[in-house]
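Numbers restart at 1 for each chain; the letters A, B, ... are given by sequence-line order, proteins then strands.
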Amino acid sequence: MAKKNKLVLIDGSSVAFRAFFGLHGQLEKFKNHYGLHTNALYGFHNMIQSVLNTEKPTHVLVAFDAGNTTFRTEYFPEYKAGRSKTPREFTEQMPYLRDLLKGFGIAHYELANYEADDIIGTLSVQADPEKFDVVVISGDRDLTQLAKENVRVDITKKGVSDLKPYTVESIKEEMGITPLQIIDMKGLAGDSSDNIPGVTKIGEKTALKLLEEFGSVEGVYENIDSMKPSKRKENLINDKETAFLSKRLATIDTNSPLEIAIEDVEYKGADLKKLAEFYKEMDFKSHLSKLDTSELDEEKEAKRTEINFEVVTEVTSEMFTDDMAVYVQLLSDNYHTAEVVGVSWGNEDHIYVGAAEDILTSPLFKEWAENESLTKATFDAKQTYVALNRYGIKLAAVKYDVLLEAYLLDVKDNSNDLAAIAEEYNYHDVANDETVYGKGAKIKVPEDITEMHTHLARKVKAIAVLGPDLMEQLENNHQKELFADMELPLAKILADMEIQGITVNGHRLEEMREEFSARLKEIEQKIYAEAGEEFNINSPKQLGVILFEKMGYPVIKKTKTGYSTAVDVLEKLQDQAPIVEYILDYRQIAKIQSTYVEGLLKVVREDTGRVHTRYMQTIARTGRLSSVDPNLQNIPIRLEEGRKIRQAFVPREEGWKIFASDYSQIELRVLAHISNDEHMKEAFIEEQDIHTSTAMRVFGVEKPEEVTSNIRRRAKAVNFGIVYGISDYGLSQNLGITRKEAQQFIDTYFKKYPGIETYMHEVVREAKEKGFVETLFNRRRYLPEINSRNFNLRSFAERTAINTPIQGSAADILKVAMIKIAQALKESDLKATMLLQVHDELIFEAPEEEIPALQKLVEDVMEHAVELNVPLKVESDFGQSWYDAK
DNA sequence: TGATTCACG
DNA sequence: ACGTACGTGAATCAA
């Protein structure tokens, strides 16, 4: 006989409901990027996945209830009445359950006037016991009545992936009755969840006893006369009709008029593409990453068009023309040090691929790459500049950069994976790096080198196709200048800064390491003494136990996982808890030690004594840069202890200085410009201290000298709040005042600066209408959640709508300044070099005698990088180290 | 891998 | 009634 089939029948409605309440405690954690709750979907998904794995079914169907009215409500309108209203957070997920099932390739069915139970019951009896084993899955124990020799019924326990199986034997063992007698039990005992009445005063226990004796509801009433007189007997007699009605209600219809048959629900496996789409939409990131995409990739691979390319070991001049794409393959992220494994170049029609050592040593290749009049397309120009520079090649005439183009089109598309970006733009002919090279520690060149060659050729083709294609879309968005005149030139400048690196005085850091290490040991002992035991101070969990359980201090704030031990919490405990002082000290020094002293020492190049960060040009949603490996944009400055780290950043030569210039209040100036608020503009034009000016207006102080430092501090917080898209709560937290007071500050502020209020309303309104906001230079950020029904998501999007044009325009301005400074330095005969950018600040190194010229050049360019309707102000300083250039 | 904490603008 | 300030990256712990 052929292998037996297995039919799995799932009660979709009840399982989804169970899944929802099973994860109800974490409702707010399960939300996708546009605010849809996903907990029921998540639980349901996991249940399906585990059932598919354990049961390996040949046939699967998910049945749903069709609606609120069924044949049961026709004769008993109260059936399932009295249930509390289904939460909206649940209902909103239901439409997506269909997408999930499509992804899994599972059939679903519902039938007007029938419940899911009836569909399942009917199919379970239709399944030929000779050919089918049947598994029924539900959250509703009623369905156990369907158990038979070939039918097992699994009922969900607490979670939904946890199932308890019911078989004929186990029901007998547990309750002493047959599956069909469960109906009789409901007839007698009723079921409050379905509003099935049953007989007065009879519960499950009594019902079981009666059934043991009389077998069925019918049996009970046939023998009712022989029963001893009792209250129970009376109830049975009075509720006879109800008992039969209840039995009828509880009986699953195993003969419902289905339009489908078992053959129609054959399970043919998941549609991985749809499943992946579903995961993406729901932000099920771990599922997405676990998805065995090999099948999917194979499918895609098969669909990919043939590609013609030539593998070459030597290059000839015919291989190079104008308008070609070029790609340098590295094996890891850090292109300063990553292994270079291959090079490909060409156009849509003809592509060359070669090994790095063959191609990058060729004078002909170098000549082409450096030729100013032969244009190129790249994916990540900056990476390509740096990688080629390692071979002494100065790449020139880059015209397209697919990574930068995609970033400008939508700052969300900042994946560094060409395939992912190509997919977004409906170009499917290139594979993921991960499928070719593997991931994590296992990244390597594939054994079959042809695989890599094909991959590299496909990348070049994708770049050649997408470069001009995305450029067209940029033009539609009026972003061509943003790309061609800002981001692309900046890539080259950043590459040069990164290659240059900044010199780090390792000895100074090592001195600090010794000093901090001694201090840490000392503080550690004091903490242990106070606590009365040794523990890991770095573990918030252990620290929480010590502070709030052992020592019994009041809990100020909780996090998802336990007690919060963040600074603001500890500061509130400082008066009553001497240990807190030590913990704060410990934290501060431990941070400096691990992140800055040790972290920095780890990345100093032995041979040159420099660190070479990588500026990420396509990460920040506002258009700012970010810095990694090491991050040189968060070197301590606020506290003296940490600030000393800056003493380790020094010029590359004796007699040189570190020179730094920063924009003063650039974000508020930008706000004054775009809001055109008269009072704020006036403050800047008249060169007033902006926070003092705000303090005078908002707190009604007459003269600047009457503004106390405390009032100024408050005004400063309000100004910050404005830039962030103020909320009364946020401001109250920051200032340690009540929400009401905070709200009053805000109200007064808007009264005194009406232009700001108008701007805020206007920018939010426009964002709701267009779905995005823009900076002064047409940098765009989409805000899909700005019209969300979810308050939190919507509020967040509204604050973002306010903040992004401010932060983003400020970022644009510094980028423009950098380009102009780089140009001016090139045209001058100064040796000065631009080294770092820290959002509103630029750091240079220069021979001491150049400092006056450099200062003039940099300040002039920065102050006039763009013309706003308020002046831009720049402050500069220089010194022996970054510490001294304050 | 996610959460927490903390460094910067 | 809802529960937050905007934008980043790195180290550490605890699963």
Whole Å only: how far is the [atom1] atom of [X] from the [atom2] atom of [N]?
X: A:L668; N: B:dG9; atom1: CG; atom2: C1'; value: 13 Å
X: A:L842; N: B:dG9; atom1: CG; atom2: P; value: 14 Å
X: A:R794; N: C:dT4; atom1: CZ; atom2: C1'; value: 14 Å
X: A:L836; N: B:dG9; atom1: CG; atom2: P; value: 13 Å
X: A:M616; N: B:dC8; atom1: CE; atom2: C1'; value: 17 Å
X: A:I645; N: C:dA10; atom1: CD1; atom2: P; value: 16 Å
X: A:K557; N: B:dT4; atom1: NZ; atom2: C1'; value: 11 Å
X: A:Y407; N: C:dG7; atom1: OH; atom2: P; value: 12 Å

Can you identify which nucleotide, out of [options], has its nearest atom closest to the [X] side chain?
X: A:V838; options: B:dG9, C:dA5, B:dT4; answer: B:dG9
X: A:A620; options: B:dT5, C:dG7, B:dC8; answer: C:dG7
X: A:K541; options: B:dG9, C:dA15, B:dT4; answer: C:dA15
X: A:N803; options: B:dT4, C:dC6, C:dA5; answer: C:dC6
X: A:D728; options: C:dT4, C:dG9, B:dA7; answer: C:dT4
X: A:Y724; options: C:dT4, C:dA5, C:dA11; answer: C:dA5
X: A:T622; options: B:dC8, C:dA11, C:dG7; answer: C:dG7
X: A:R739; options: B:dT4, C:dT4, B:dA7; answer: C:dT4
X: A:R781; options: C:dT8, C:dA5, C:dG7; answer: C:dG7
X: A:I726; options: B:dA7, C:dA5, B:dA3; answer: C:dA5

(request) Determine whether the side chains of A:S795 and A:N792 contain a donor N or O and an acceptor N or O closer than 3.5 Å. (result) no
(message) Work out how far the P atom of B:dT5 is from that of C:dT4, and round it to whole angstrom.
(response) 14 Å
(request) Take atom P in C:dA5 and the same atom in B:dC6, then report the distance between them in whole Å. (result) 15 Å
Lys/Arg-Asp/Glu bridge criterion (N-O < 4.0 Å) met for [X], [Y]:
X: A:K602; Y: A:E598; answer: no
X: A:K591; Y: A:E641; answer: no
X: A:K886; Y: A:E640; answer: no
X: A:D728; Y: A:R739; answer: yes
X: A:E762; Y: A:R765; answer: yes

Can you find a donor-acceptor pair, distance only, under 3.5 Å between [X] side chain and [N] base?
X: A:R638; N: B:dG9; value: yes
X: A:K591; N: B:dC6; value: yes
X: A:Q807; N: C:dC6; value: yes

(request) Using modelled atom types only, decide if a donor and an acceptor are shared between the side chain of A:Y407 and the backbone of A:A620 within a distance under 3.5 Å. (result) yes
(request) For A:Y615 and A:Q837, indicate whether the former's side chain and the latter's backbone hold a donor-acceptor pair under 3.5 Å. (result) yes
(request) Start with the C-alpha gap between A:R624 and A:E667, add the side-chain angles, then the distance that decides, and say whether salt bridge (Lys or Arg N to Asp or Glu O under 4.0 Å) holds. (result) CA-CA 13 Å; A:R624 274 191 176 180; A:E667 293 197 344; 3.6 Å; yes
Does [N] have OP1 or OP2 sitting under 4.0 Å from an N or O in the side chain of [X]?
X: A:R587; N: B:dT5; result: no
X: A:S627; N: C:dT8; result: no
X: A:S727; N: C:dA5; result: no
X: A:T559; N: B:dT4; result: yes
X: A:T561; N: B:dT4; result: yes
X: A:Q542; N: C:dA14; result: yes
X: A:S564; N: B:dT5; result: yes
X: A:R624; N: C:dC6; result: no
X: A:N538; N: C:dA11; result: no

Scan [X] against the nucleic acid and name what it touches under 4.0 Å (heavy atoms): base, sugar-phosphate only, or nothing.
X: A:N792; answer: sugar-phosphate
X: A:I592; answer: nothing
X: A:D662; answer: nothing
X: A:V723; answer: nothing
X: A:I806; answer: nothing
X: A:N634; answer: base
X: A:A717; answer: base
X: A:G721; answer: base

(message) Is there aromatic stacking of A:F791 on C:dC2 here, judged by a ring-centre distance under 5.5 Å and a plane angle under 30°?
(response) no
(request) Name the residue closer to the 5' end of DNA chain C, choosing between A:S539 and A:V628 according to the nucleotide with the nearest heavy atom. (result) A:V628
(request) Provide the Watson-Crick or G-U wobble partner of B:dC6, both distances under 3.5 Å; none if there is no partner. (result) C:dG9
